[in-house]
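To find a chain, count down the sequence lines: A is the first, B the second, and so on, and within it residues start at 1. If you're wondering where the values come from, they're calculated on a predicted model, not measured in any experiment.
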Amino acid sequence: MKTSQMFFPTQREIPRDAELISHQMLVRGGFVKSVAAGVYSYLPLGWRVHEKISQIVRDEVKLFGAQELHMPVLVPRELLDESGRSSVPVLFALKDKNQRDFFLGFTHEEVVTDIVRSTVNSWKQMPLYLYQIQTKLRDEPRPRGGLIRGREFTMFDGYSFDSNEGDLDAIYRENYRAYERIFTRCGLKYLAVEADPGAIGGSENHEFMILTESGEDTVLRCDSCGYAANAERAEIPPSDVSDRPDLLVQDLVSTPGAHTVEEVCAFLKVSPQQLIKTIICTASDGTVVAGLVRGDRELNLPKFSRAVGIGALELADPATVVRVTNAPVGFAGPVELGVSVYVDLELKAGGNFVVGANAADAHLLNVTPCHNFEVTGWADIRTAVAGDSCPRCAGGILGDARGIEVGHIFKLGTKYSKDMNALFQNDKGEKYPVIMGCYGLGVSRTMAAAIEAHNDANGIAWPISIAPFEVAIIIANMKDEAQTTAAKDLYSSLKQAGVDALLEDRDERPGVKFKDIDLIGIPIQVVVGKALAEGAVEIGIRGSAEGRQRVAVETAASYVRNLVQSEKDKLQAS
RNA sequence: CGGGGUGUAGCUCAGUGGUAGAGUGCUGGUUUUGGGAACCAGAUGUCGCAGGUUCAAGUCCUGUCACCCCGACCA
C-alpha cells in the first residue's frame with residue numbers, strides 16, 4: 001500500500017470525547033470513526049488490525065480442531081425463551097413487519113445449541129467445537145472508553161460439545177492454551193484469573209486479563225503460588241484468629257447527620273476497623289437480608305448471594321431500607337433487626353463494634369456478634385484486597401493489578417442442553433444432555449487493550465503481529481528522484497518477499513510523515529533520505545533507543561526481512 | 001437510572017445581550033524539504049434542536065436531544 005493512495009484521516013488534536021489513550025489514538029490515527037455512543041466504523045487501518053487479530057485467533061483455535069461457522073445477528077425470541085434469557089436487560093429487541101419478536105445476537109449459546117440438537121444425536125459425533133467471529137450487540141447501560149466497551153463489538157465465540165466431562169475438561173484446557181498462544185502472539189501480557197461466572201452459570205471459568213493501569217477490573221495474585229482471581233471472585237481464607245476482647249455494655253449514642261463510615265468514625269473518633277457496616281439487600285422474590293462487614297471493607301454481592309443461597313441479591317432501595325430499619329439510609333444495624341443477618345468471617349475477631357441503631361441519627365457502641373444480636377450465618381462475604389492472605393497456599397500474600405478483560409471461558413455443563421433439550425445417545429443407547437463449554441474473546445477490545453499496553457507520546461506502538469503494516473518506507477524528499485526510485489525498488493522487493501510494507505510517498509514534508517507513521521504505529525521504519533547519497537538507507541524499530549541503523553541499499557531488503565522475522569519470533573508462543 | 005460536564009468552522013477551542021472569531025486543517029500561488037514549514041490570497045457556520053423573554057439572544061429562561069466522565073449496571 002502507498003500512503004498517497006491510502007485513506008487514513010489522521011488528526012493532530014486529541015478528540016474532545018476521548019479520554020482513554022486507546023480511544024484517543026484510534027481516532028487520531030484514523031483507525032475508527034465514532035457513529036453513536038459505543039458504535040464505531042472501522043476505517044481501513046483499523047480493519048487491518050482487526051483482521052490480523054482475527055486471523056491469529058483462527059490460526060490458533062484451528063490447531064485443536066475448531067471449525068468456523070457463521071450465525072445470524074437476528075435471533076427469534078422463541079430461542080431465548082427456551083433458555084430463559086429473553087429478559088436479559090442488555091438485549092436489543094425489535095419486531096418484524098408481522099410483529100414477530102427478534103433480538104439482536106448478544107452471544108449465541110441458544111442458536112448454536114439449536115443447530116446441534118437437531119443434528120447431533122450420537123456420542124460418536126462428539127467432541128465438536130464450533131466457533132464464529134462476529135458482531136455482537138448489547139444495549140450496554142453505559143458504553144465507554146471507545147472500543148473498550150461498545151454496544152456493537154466483535155467477539156470470537158466458541159462452543160464445545162462433548163459426551164462426557166473428561167472430554168469437556170480436555171477441550172477446555174486446549175482452548176485455554178490456545179488463548180495463551182493468541183495473546184502471546186498479539187504481544188500482550190495476559191493473566192488468566194478465576195472469575196465470577198455471573199448468571200451464565202456453569203462451574204469452572206477463567207477470565208483472560210491484559211494487565212494495564214487503565215484496566216477496569218482489579219485482579220489479585222498470590223506472590224508465591226500463582227493463584228490469581230478477579231477481585232470480585234477472590235476467596236479469603238478463614239482466619240484462625242477468633243479472640244474476643246472483654247465485652248463492654250451496649251450503649252446508644254447520638255450521631256446527628258453521620259450517615260457514612262467516615263462521618264461516624266470522625267464523630268465518634270474511632271477507626272473504620274472498629275465499625276460494622278450493615279448492608280440491606282433484597283432477592284428477586286422480595287426476601288430482605290442483611291450482610292455485615294467491617295467498616296473498611298466492601299460487601300461482595302456475588303459471594304453474599306452464594307452464601308445466602310436464594311438467588312442473586314442486590315442492594316435494597318432506600319424505601320426498603322427505611323421500611324426494614326425504621327431509619328434513613330446510613331443507620332442500619334443488626335441489633336433487633338427483623339431480617340436474617342449474615343456476618344463476614346473476619347468479624348469473628350475483635351468486639352465492641354460500632355453499629356447503626358436502626359434509628360435516625362443514632363448508633364450503638366460495644367456491639368459484638370452472637371452477644372448483642374443473633375447471627376444467621378457466618379460466611380466469606382467481603383471483597384478481597386491486596387494484602388489479604390492467599391486462599392490456596394500458606395504464607396502467600398495477594399497483590400493487586402489492573403486488567404482489561406479480553407477473554408472469558410466457561411464450562412457450561414448441561415445448562416443449555418437441558419433447557420433446550422439437546423440430547424445424545426451414549427454407547428449403551430441412553431439419552432443424555434450434551435455437555436457444553438463456551439469461550440469468548442473480544443477482538444475489538446483486544447485491539448484497544450493492545451494500545452493501552454503499547455503506546456508512547458508519539459502514538460501507538462503496535463506489536464508487529466497486529467500492526468496494520470509491518471514496515472513503513474519513508475521517502476524523505478519526494479523531489480529527489482534517486483530517493484523515490486530506491487524506495488520504490490525496496491518496496492517492490494519487500495512486497496515480493498511477503499513483507500507487509502507501506503510506502504510513505506506523500507508529497508509532504510518529512511516531519512509530517514515521521515509523525516504520522518509514528519502515530520499509526522508501524523513498528524519497522526525505513527528512511528530513504530540523505531544517507532542515500534552514500535548508498536545507504538536508515539532502518540530502525542519504532543521507539544527503540546538505538547535509533548536507525550545505516551544499511552547499504554543493496555542489502556536493505558534482506559535486512560528488513562530478517563528484522564521482521566526476528567520481531568515476529570519474539571512474539572511466538574514457546 | 002442517579003450525579004457531574006460539554007455541544008460555536010472538518011478538528012481543538014475563545015466568544016457575560018449589540019456586525020460570527022482564533023489556531024489548526026482545507027483550496028490556489030511562491031519559496032521550502034530529516035520530526036506536524038514560511039509568506040500571500042481564498043473558501044468554510046441551522047452557534048445541537050424547539051419554544052420563550054427582549055428593540056436586539058451564541059450569550060438570559062424553559063424544555064428537549066446528543067456526546068463524555070463517575071456511580072449503579074455490565075447474561
Side-chain angles (χ1 to χ4, degrees), chain A residues 9-20 23-24 27-28 30 33-40 75 80 83-92 103 105-110 136-146 148-151 153 155 157 195-202 205 207 214 216-217 230 232 301-302 312 314-318 405 408 410 412 415-416 419 438 440 442 445 457-459 474-480 483-484 504 506-520 525-533 537-538 540 542-543 547-548:
Chain A
T10 56
Q11 60 185 58
R12 191 187 309 207
E13 303 282 352
I14 295 171
R16 162 213 291 279
D17 291 336
E19 185 122 324
L20 278 188
H23 189 189
Q24 292 176 0
V27 174
R28 283 190 57 207
K33 165 91 171 72
S34 152
V35 177
V39 181
Y40 292 87
V75 180
L80 296 205
S83 63
R85 292 210 294 181
S86 46
S87 58
V88 165
V90 297
L91 279 172
F92 276 108
F103 296 118
F106 71 127
T107 176
H108 284 77
E109 280 79 8
E110 290 84 355
K136 300 291 187 221
L137 295 120
R138 296 183 187 178
D139 196 359
E140 288 284 348
R142 181 151 90 87
R144 62 199 163 91
I148 293 287
R149 180 177 295 277
R151 293 191 295 174
F153 58 96
M155 194 166 100
D157 49 323
D196 190 89
I200 196 165
N205 77 100
E207 286 174 338
S214 57
E216 57 184 351
D217 289 291
N230 193 312
E232 69 188 19
L301 278 175
E314 56 185 30
L315 290 181
D317 55 57
E405 179 194 348
H408 201 162
F410 303 82
L412 292 175
K415 173 175 165 36
Y416 292 89
D419 286 348
C438 72
R445 187 182 275 187
N458 291 321
I474 301 166
I475 304 171
N477 185 349
M478 285 299 293
K479 298 258 187 326
D480 184 327
Q483 288 184 16
T484 58
E504 172 51 294
R506 289 178 299 169
D507 190 12
E508 291 283 353
R509 292 171 65 85
V512 174
K513 303 191 195 185
F514 290 136
K515 287 288 187 192
D516 270 345
I517 294 299
D518 279 350
L519 176 62
I520 66 175
Q525 305 181 349
V526 181
V527 181
V528 182
K530 282 174 180 167
L532 192 63
V537 298
E538 298 145 79
R542 184 194 180 289
R548 303 189 182 102

Using whole Å, report how far [atom1] of [X] lies from [atom2] of [N].
X      : N      : atom1 : atom2 : answer
A/K479 : B/rG34 : NZ    : P     : 12 Å
A/K515 : B/rG34 : NZ    : P     : 15 Å
A/I474 : B/rU33 : CD1   : C1'   : 14 Å

Which base, if any, makes a Watson-Crick or G-U wobble pair with [N], both distances under 3.5 Å?
N      : value
B/rU12 : B/rA22
B/rU30 : B/rA38
B/rC67 : B/rG5

Tell me, please, which residues at least two apart from [X] pass salt bridge (charged side-chain N to carboxylate O under 4.0 Å, His left out).
X      : result
A/R142 : none
A/R509 : none
A/K136 : A/D157
A/E110 : A/R85

Could you tell me whether the side chains of A/T10 and A/D516 share a donor-acceptor contact shorter than 3.5 Å?
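Yes, a side-chain donor-acceptor pair sits under 3.5 Å.
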Between A/N230 and A/E405, a side-chain donor and acceptor under 3.5 Å:
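Absent: no donor and acceptor within the cut-off.
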Which nucleotide wins on minimum distance to the side chain of A/A37, given the candidates B/rC68, B/rU33, B/rC11?
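Looking only at heavy atoms from C-beta outward on A/A37, the closest nucleotide is B/rC68.
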Checking all strands, does A/K513 fall into the base, sugar-phosphate, or nothing category for heavy-atom contacts under 4.0 angstrom?
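No contact at all - A/K513 keeps every heavy atom at 4.0 Å or more from the nucleic acid.
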Taking any heavy-atom pair under 4.0 Å as a contact, classify A/P15: base, sugar-phosphate, or nothing.
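The answer is sugar-phosphate, as A/P15 gets under 4.0 Å only of primed atoms, P, OP1 or OP2.
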[N] base / [X] side chain donor-acceptor hit below 3.5 Å:
X      : N      : result
A/R149 : B/rC74 : yes
A/R509 : B/rU32 : yes
A/Q11  : B/rG25 : no
A/N458 : B/rG35 : no

Between B/rA22 and B/rA50, how far apart are the two C1' atoms, rounded to whole Å?
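Their C1' atoms lie roughly 30 Å apart.
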Which value, in whole Å, describes the distance between the P atoms of nucleotides B/rA37 and B/rG3?
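So the two P atoms sit 47 Å from each other.
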Shortest non-hydrogen contact between A/E538 and A/A531, atoms and distance
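That closest heavy-atom pairing would be OE2-CB, 3.7 Å.
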On the nucleotide B/rG34, are OP1 or OP2 found under 4.0 Å from the side-chain N or O atoms that A/K530 carries?
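So the side chain of A/K530 is within the cut-off, an N or O lying under 4.0 Å from OP1 or OP2 of B/rG34.
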Check A/E109 with A/K415, please: is the shortest side-chain N to carboxylate O separation under 4.0 Å?
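A/E109 and A/K415: not salt-bridged.
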Under 3.5 Å, which protein N or O atoms sit close to an N or O of nucleotides 69-73 of chain B? Give each pair with its distance.
| from | atom 1 | to | atom 2 | distance (Å) |
| --- | --- | --- | --- | --- |
| B/rC69 | OP1 | A/G145 | N | 3.3 |
| B/rC70 | OP2 | A/R142 | NH1 | 3.0 |
| B/rC70 | OP2 | A/R142 | NH2 | 2.9 |

Could you say whether A/A18 or A/F514 is positioned toward the 5' end of RNA chain B, judged by the nucleotide with the nearest heavy atom to each?
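Between the two, 5'-proximity favours A/F514.
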Mapping A/L519 and A/I14 to their closest nucleotides on RNA chain B, which lands nearer the 5' end?
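Counting from the 5' end, the first nearest nucleotide belongs to A/I14.
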Decide if atom CD of A/E216 counts as having more than 12 heavy atoms of other residues, nucleotides or ligands within a radius under 6.0 Å.
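Yes - once you tally the heavy atoms of other residues, nucleotides and ligands closer than 6.0 Å, there are more than 12.
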Expected rows: protein N/O vs nucleotides 8-10 of chain B N/O, under 3.5 Å:
| from | atom 1 | to | atom 2 | distance (Å) |
| --- | --- | --- | --- | --- |
| B/rU8 | OP2 | A/R16 | NH2 | 3.1 |

Give, for atom NZ of A/K513 and atom CD of A/E508, the distance between the pair rounded to the nearest 0.5 Å.
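Spacing of NZ (A/K513) from CD (A/E508) equals 7.5 Å.
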